[in-house]
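Okay, so here's the structure we're looking at.
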Amino acid sequence: MKNLLCPFAIAAILASCNHNKNIIVESNYIDSLINNYTEPALAVNTADIKFWSSRIDTAHPGFTNELKYSSLLATRFALKGNIQDLKSSDSILKVIAKTFNYKEAAPYTALVPRSISQHKFNEADTFLNKAKQIGIKPYDDGAYSFDVNFELGRYPLAIENLNSIKSNSDYGYEFRLSKLEHYKGNLDSAIKAMLNAASLAGNNPPLIAAALSNAADLYVHKGKLDKAYQLYKKSIASYSSDLHSIMGIGWIALVHDKNDSLAKKIFLFVSAKTQAPEPILKLSQTAELNNDSASMKKYAQQFAALTSNPLYGTMYNKYLIELYTGILNDPSKAEAVAANEIANRQTPQTYAWYVWCLYFNNKKDEAYKIYEANVSGKPLEGIELYWMGKFMKGLGKGYNANEFFKAAEKNKYDLSPSMMKDLDDNLKE
C-alpha cells in the first residue's frame, strides 16, 4: 500500500507546485506592503507647500513663489487625489498670467499638462497656442504639441511633433514614443521605449515610477502579467507613493489569480490613501468575480455619484460608460456621456464608445453609420474591441463579431471579470 500511495502523493505535490506557480501576487508581499507603508513623498510635499505658500504676498502678487506653489498643489493631487488641489493649481496659474499681462509663457505651458490630466484637451490646445504666441523653447513646443495632438487624435501632426524632439537619450521623447507605438499596436516597441525612459530618469523617483508603472501596464495589456507584477513591485520600491502600481497588483490578483479577497484588500487599502475615485471602481469590478450584484451596484453607484461632481468634468467618461451599459443599466445616460466625450475629442476609441452606447440605447442604424465612418479599420483597445464584438453580434454579423472577440481576447486582462467571462462564452459559441 505504501508503494502504491507514493506515486499519487508525488503527483499531488507536483500538482500543488504547478498550482502555486500559476499564482502571481504573493500574499505575504501585500501584507508587508500594507503593514510597512510610508509616505515620505507626501511629508516632503507638505513641508514644501508650507514653505512656498508662506512666501506669497497676496497684496503684491509675484511669479516664482506662486508658480512653485501651484506645481506643489498639482503634486499633492497626484499623491492624494483631491481634485480641488488641481483646480486651485489651475486658478493660481491663471492669476499669474493675468498679473503679468498675459506676456509670460510659463503659466500657460504649466496649464497644458494640467488640462490634459483633466481631459480638457481643447483647453490644453488653447493654452499651448497662447504660450507659442508668447514664445517657448523648441523642445517644449514639440513635446507639448505632441501631447495635445495625440490626445485630440491628430496623429500625423503628433508624429511630426515627436520627430522634432527625437533623441533616444531623452526621457520625454522615449516616454512619448512609447505612447505612439502603443497606439500603433507595436507593444514590444512601446515596452522597450518605456523601459528606456525609466533608465533615463536618473535619481528622480516619480519619473522612474511613471515609466515603470506604464511599462507594467503595457505588459498587462500584452498578457504578460508575471512581468507586469515584477515591474509594479520595482516601481513601488523606488517610489512608495505609487498607488497606481499597487492597484495594478490588485488587478493582477483579481483577473489572473482570481483572488477577489486579496484584490479587495488591496483596493480598500488604496481607497483609504487617496480621494481619487479609481479604487471604488475597482471594488465594483472585484465584486463581479463572484457575481455579487449587491456589492457591484453599491460601489458602481458610489463611483458614479463621486465622478458626477462637475469638478471632474469628463475625466471618467470611459468608466461611466462601462457602468451605464453594465451593472447600472442606464442607456440614456450612457449615450449622453459618450456624446459628451465626442464633443471633447474625436478618436477611433471615443467613437467606438459612442457606437456602443447608441447601440445599447437601441439606435442601431445611427450606430452603424458612425461605426462605418469613424471606427471600422481603426486601431482599438481591448474594451473597445469587446464592445464592437457585442455590437456586431447584435446586428447579426457573426463573422465580424467573432473577429472582434478574437482580437479582444489578446488583451483580455484589460477587461473586468464579467467581461472576460462573457468574452469567453462568446468565443465558445
Side-chain angles (χ1 to χ4, degrees), residues 71 74-75 78 105-106 108-129 131-132 136-222 228 231 235 238-239 242 244-245 248 315 318 344-350 378-381 414:
S71 176
T75 299
Y108 291 120
T109 53
L111 280 163
V112 172
R114 305 279 199 285
S115 299
I116 289 174
S117 68
Q118 296 171 72
H119 288 209
K120 295 182 176 180
F121 305 114
N122 289 303
E123 187 176 273
D125 195 21
T126 299
F127 288 135
L128 179 57
N129 285 329
K132 288 180 180 180
I136 57 177
K137 296 177 181 178
Y139 179 90
D140 291 340
D141 189 336
Y144 288 129
S145 293
F146 170 85
D147 296 340
V148 170
N149 286 324
F150 183 84
E151 295 296 347
L152 286 171
R154 304 168 184 165
Y155 301 115
L157 282 175
I159 292 170
E160 288 182 19
N161 300 143
L162 191 61
N163 287 336
S164 74
I165 62 167
K166 185 174 182 179
S167 171
N168 296 117
S169 61
D170 176 61
Y171 177 97
Y173 171 75
E174 290 289 322
F175 197 100
R176 291 173 172 88
L177 176 62
S178 177
K179 292 179 66 174
L180 181 61
E181 291 297 327
H182 181 200
Y183 166 76
K184 291 179 177 179
N186 302 327
L187 272 182
D188 288 338
S189 297
I191 291 168
K192 180 182 178 182
M194 195 58 78
L195 291 175
N196 285 345
S199 71
L200 294 166
N203 295 317
N204 189 318
L207 289 185
I208 294 169
L212 289 177
S213 63
N214 271 277
D217 291 344
L218 291 168
Y219 271 125
V220 171
H221 187 67
K222 192 178 181 182
L231 283 181
S235 181
S238 68
Y239 188 59
D242 182 10
H244 176 84
S245 286
M315 290 174 68
K318 178 180 180 179
N344 184 35
R345 55 173 170 167
Q346 299 85 44
T347 70
Q349 290 74 32
T350 58
K378 303 293 193 335
L380 300 173
E381 297 288 312
D414 291 345

Cationic N near anionic O, under 4.0 Å, E381 to K318: no
Nearest-0.5 Å distance, CD1 of residue I159 to CZ of residue R154: 14.5 Å
Minimal non-hydrogen separation, R176 against A143, with atom names: NE-O, 3.3 Å
Residues that Y173 engages under ring pair (Phe, Tyr, Trp, His ring centres under 6.0 Å), provided they are two or more places apart: none
Partner set under side chain to side chain contact (heavy atoms under 4.5 Å, CB included) for T350, not counting sequence neighbours: E341, I342, R345, T347, W353
Partner set under side chain to side chain contact (heavy atoms under 4.5 Å, CB included) for A124, not counting sequence neighbours: V112, S115, I116, V148
Beyond-backbone contact of L218 with S178, side-chain heavy atoms, under 4.5 angstrom: yes
Minimum-distance pair of heavy atoms, taken over all atoms of L231 and A215: CD1-CB, 3.8 Å
N203 CG to S238 OG distance, which is reported to the nearest 0.5 Å: 11.0 Å
Heavy-atom pair of closest approach, residues A74 and R114: CB-NE, 3.5 Å
Pair S167, D170: side-chain N/O donor-acceptor within cut-off below 3.5 Å: no
Set of ring pair (Phe, Tyr, Trp, His ring centres under 6.0 Å) partners for Y155, sequence neighbours left out: F150, Y183
Donor-acceptor contact below 3.5 Å, side chain Q349 vs main chain P379: yes
With I136 via side chain to side chain contact (heavy atoms under 4.5 Å, CB included) - residues at least two apart: A105, T109, L128, A131, K132, D140, D141
Option from T126, D147, N149, N344 for which side-chain contact (heavy atoms from CB on, under 4.5 Å) with F121 holds: N344
Distance-only criterion, 3.5 Å: show the donor-acceptor pairs between side-chain atoms of residues 187-201 and protein atoms not counting sequence neighbours.
residue : atom : partner : partner atom : Å
D188    : OD1  : K222    : NZ           : 2.2
N196    : ND2  : E174    : OE1          : 3.3
N196    : ND2  : K192    : O            : 3.4
S199    : OG   : N196    : O            : 2.6

Closest heavy-atom pair and its distance - D242, S235: OD2-OG, 2.5 Å
Polar side chain donor-acceptor pair, H244 to N214, under 3.5 angstrom: no
Distance (rounded to the nearest 0.5 Å) between F146 CZ and K179 NZ: 6.0 Å
Side chain to side chain, S164 and Y139, heavy atoms closer than 4.5 Å: no
Main-chain N/O of A210 paired with S213 side-chain donor or acceptor, under 3.5 Å: yes
Gap separating the CG atom of L207 from the CZ atom of F175, nearest 0.5 angstrom: 9.0 Å
Separation of S117 OG from M315 CE (nearest 0.5 Å): 6.0 Å
Euclidean distance, H182 NE2 relative to L177 CG, rounded to 0.5 Å: 13.0 Å
